[in-house]
Amino acid sequence: LLELEGHNVVPYLDPIKALAAIKADPPDLVLLDVMMPGMTGMQVLEQVRAHGPTVEMPVIMLTALSETQDMVRGLELGANDYLVKPAQYEVLVARVNTQLKLKRLLDQRRRDLEELRELNTIKDKFLQIAAHDLRNPINNFMIGLEILKRIDPKVKAQISEFDIILDMMDSSALVMRSMVNDFLDLQVLRSGKMRLEKQ
């Protein structure tokens with residue numbers, strides 16, 4: 001029925017072989033029967049949820065109408081949905097398609113988040129380099145200001161508002177240096193290389 005809908009279906013009658021195949025190459029979705037020989041569907045589900053790459057893989061349980069407890073247990077173990085056997089064609093297709101659509105959306109969201117993380121890392125690295133590169137010119141500027149402060153008072157007197165302009169430049173340089181240092185400290189805090197002790 002699912003192949004008629006265009007899905008690539010790989011059936012397994014042996015749950016142990018099915019579990020090995022799922023772990024080796026996780027499918028987009030698993031339809032899992034509760035009652036199977038050698039290993040129950042619940043045991044398979046537990047192992048699927050304990051295996052890193054298949055933790056979020058959609059699993060739809062197939063249960064008999066009398067297996068209500070199994071259905072609840074399956075949902076508690078992390079099944080995404082359940083179908084009562086024999087499954088109605090339209091319901092089966094609708095539930096499989098819904099779970100696959102949700103999986104595609106989650107996969108896309110995961111890719112988008114990873115891309116944002118990478119872009120954020122690039123941005124932080126760029127700003128860190130820019131801040132480091134700004135440190136030296138600011139320090140040079142402040143050294144120049146210190147030299148200007150030592151100018152002969154007679155020379156200063158010839159320049160209108162010399163001290164006011166010098167104080168304004170000195171204040172601006174201190175603000176710039178403080179901003180660069182704060183930014184660099186923030187980057188170190190974010191990277192976990194420095195622990196913030198709040199007081």
Side-chain angles (χ1 to χ4, degrees), residues 6-8 10 19-30 32 44-60 74-81 95-151 156 159 161-199:
H7 297 295
N8 180 25
V10 183
L19 187 57
I22 289 167
K23 287 182 177 180
D25 186 18
D28 290 329
L29 180 139
V30 170
L32 184 59
V44 172
L45 180 60
E46 278 183 300
Q47 290 203 32
V48 163
R49 289 299 179 240
H51 181 61
T54 59
V55 166
E56 295 180 351
M57 180 184 67
V59 176
I60 299 176
L75 292 169
E76 286 172 350
L77 289 172
N80 300 78
D81 204 349
R95 293 202 176 175
V96 165
N97 287 340
T98 297
Q99 289 301 325
L100 289 173
K101 194 180 291 182
L102 286 170
K103 183 187 184 300
R104 279 193 292 274
L105 289 170
L106 283 171
D107 288 347
Q108 184 60 50
R109 183 174 176 268
R110 203 172 287 115
R111 284 192 295 272
D112 292 345
L113 283 171
E114 189 54 41
E115 193 177 328
L116 283 172
R117 278 191 205 100
E118 286 173 18
L119 289 170
N120 200 39
T121 303
I122 292 166
K123 177 209 70 173
D124 284 349
K125 192 72 181 165
F126 169 77
L127 291 173
Q128 196 171 0
I129 291 166
H132 271 291
D133 289 350
L134 281 171
R135 240 184 190 168
N136 286 338
I138 290 169
N139 287 337
N140 292 339
F141 184 72
M142 293 185 84
I143 291 166
L145 287 173
E146 287 302 315
I147 293 167
L148 285 174
K149 286 175 188 176
R150 296 182 200 147
I151 286 180
K156 283 184 188 180
I159 303 167
E161 299 179 341
F162 182 89
D163 287 330
I164 294 169
I165 294 167
L166 196 63
D167 286 345
M168 195 167 62
M169 291 168 67
D170 195 35
S171 175
S172 296
L174 286 169
V175 169
M176 285 169 64
R177 186 171 69 179
S178 176
M179 285 168 65
V180 167
N181 287 339
D182 286 350
F183 177 78
L184 290 171
D185 286 346
L186 179 64
Q187 292 304 106
V188 173
L189 280 169
R190 276 184 177 172
S191 69
K193 293 175 185 171
M194 180 167 73
R195 199 173 81 248
L196 182 66
E197 291 193 13
K198 297 175 184 176
Q199 292 183 3

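These values consider heavy atoms only, across backbone and side chains, with no hydrogens, waters or symmetry-generated copies.
Annotation: the span from Thr98 atom OG1 to Asp81 atom CG amounts to 8.0 Å, rounded to 0.5 Å. Rounded to the nearest 0.5 angstrom, Leu100 CG and Ile60 CD1 are separated by 7.5 Å. Summarising the geometry, atom CG belonging to Leu116 is positioned 10.5 Å from atom OG1 belonging to Thr121; distances are rounded to the nearest 0.5 Å. The CZ atom of Arg150 lies 11.0 Å from the NZ atom of Lys156; values are rounded to the nearest 0.5 Å. Here CG of Asp170 is found 11.5 Å from CG of Asp163. Values are rounded to the nearest 0.5 Å. Expressed to the nearest 0.5 Å, how far CG of Leu134 lies from CG of Asn139 amounts to 10.5 Å.
For the residue pair Asn80 / Arg95, no side-chain donor-acceptor distance below 3.5 Å is found, with atom types taken as modelled.
More than 12 heavy atoms of other residues, nucleotides or ligands lie within 6.0 Å of NZ in Lys23, so this atom counts as buried by the packing criterion. Within a 6.0 Å radius of CD in Glu115, no more than 12 heavy atoms belonging to other residues, nucleotides or ligands are found. Annotation: Asn8, atom CG; neighbour count of heavy atoms from other residues, nucleotides and ligands within 6.0 Å does not exceed 12. Other residues, nucleotides and ligands contribute at most 12 non-hydrogen atoms within 6.0 Å of the NZ atom of Lys101.
Using a 4.5 Å heavy-atom threshold, the side chains of Ile164 and Met168 count as separate. When side chains are defined from C-beta on, His51 does not count as touching Leu19, because their heavy atoms never get closer than 4.5 Å. A 4.5 Å side-chain heavy-atom check between Val30 and Val48 finds every atom pair outside the cut-off. Considering only heavy atoms from C-beta on, Glu114 comes within 4.5 Å of Arg117 through its side chain. A 4.5 Å side-chain heavy-atom check between Lys125 and Ile129 finds at least one atom pair inside the cut-off. Side-chain contact check for Arg135 versus Leu184: some heavy-atom pair is nearer than 4.5 Å.
Contact between Gly78 and Arg49 at its shortest, heavy atoms only, is O-NH2, 2.8 Å. Residues Lys103 and Pro27 come closest through the heavy atom pair CE-O, 4.4 Å. Contact record, Met142 with Ala173: CG-CB, 3.7 Å, taken as the closest heavy-atom pair. The two residues Leu148 and Phe162 have their closest heavy-atom pair at O-CZ, 3.7 Å.
Results of the side chain to side chain contact (heavy atoms under 4.5 Å, CB included) test with Arg177 over Val180, Val175, Leu174 single out Leu174 as the only residue that passes. Remark: of the listed residues Arg110, Arg109, Arg111, Arg110 is the sole one forming a side chain to side chain donor-acceptor pair (under 3.5 Å) with Asp107. Between His7 and the options Asn97, Asp28, Leu29, a side chain to side chain contact (heavy atoms under 4.5 Å, CB included) holds for only Asn97.
No side-chain donor-acceptor contact under 3.5 Å links Lys149 to the backbone of Asp167.
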